[in-house]
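When reading the values below, keep in mind they use all heavy atoms of this one structure, side chains included, and skip hydrogens, waters and symmetry mates. Here the structure is a predicted model, which means the values were calculated and not measured.
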Amino acid sequence: MRTATPPPPPAALTVPEVMTALRLSRSKVYDLLRTGQLKSFTAGRARRIPTEALRQYIDNQMGEAA
């Protein structure tokens, strides 16, 4: 029996995906982007957040909480 290999994680997430992952509102995610706490880039008109940037933001938050 052959097991399916899961797809690789995405390199970048959309704002709604980040909202879901962090359980934050759209305005809070855009505040994080505006203040530079969460890094992003645009591809045309689409805003994307690299998964590594999300990981760094979470790590920073964990460091501040300690």
(Q) Is the shortest side-chain heavy-atom distance between Val18 and Leu24 below 4.5 Å? (A)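 No, their side chains stay 4.5 Å or more apart.
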Q | Test item: Arg55 and Pro50 side chains (from C-beta on) under 4.5 Å apart, heavy atoms | A | no
Value rounded to 0.5 Å, distance of [atom1] in [X] from [atom2] in [Y]:
{"X": "Met19", "Y": "Ile49", "atom1": "CE", "atom2": "CD1", "result": "10.5 Å"}
{"X": "Asp59", "Y": "Glu64", "atom1": "CG", "atom2": "CD", "result": "11.5 Å"}
{"X": "Leu32", "Y": "Gln61", "atom1": "CG", "atom2": "CD", "result": "7.5 Å"}

Q: Mind listing the closest non-hydrogen atom pair of Thr51 and Pro10 along with its distance?
A: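 Nearest heavy atoms, Thr51 then Pro10: CG2-O, 2.9 Å.
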Q | Over all atoms of both residues, closest heavy-atom pair of Ala53 and Lys39 | A | CB-O, 3.6 Å
Q.
Do the side chains of Lys28 and Asp31 get close enough for a salt bridge, i.e. N-O under 4.0 angstrom?
A.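 No, this pair does not count.
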**Q.** Same apolar cluster: Phe41 and Leu33, side chain cutoff 4.5 Å
**A.**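 No, separate clusters.
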Q: Output all residues satisfying side chain to side chain contact (heavy atoms under 4.5 Å, CB included) with Glu17, sequence neighbours left out; order by chain, then residue number.
A: Leu13, Thr14
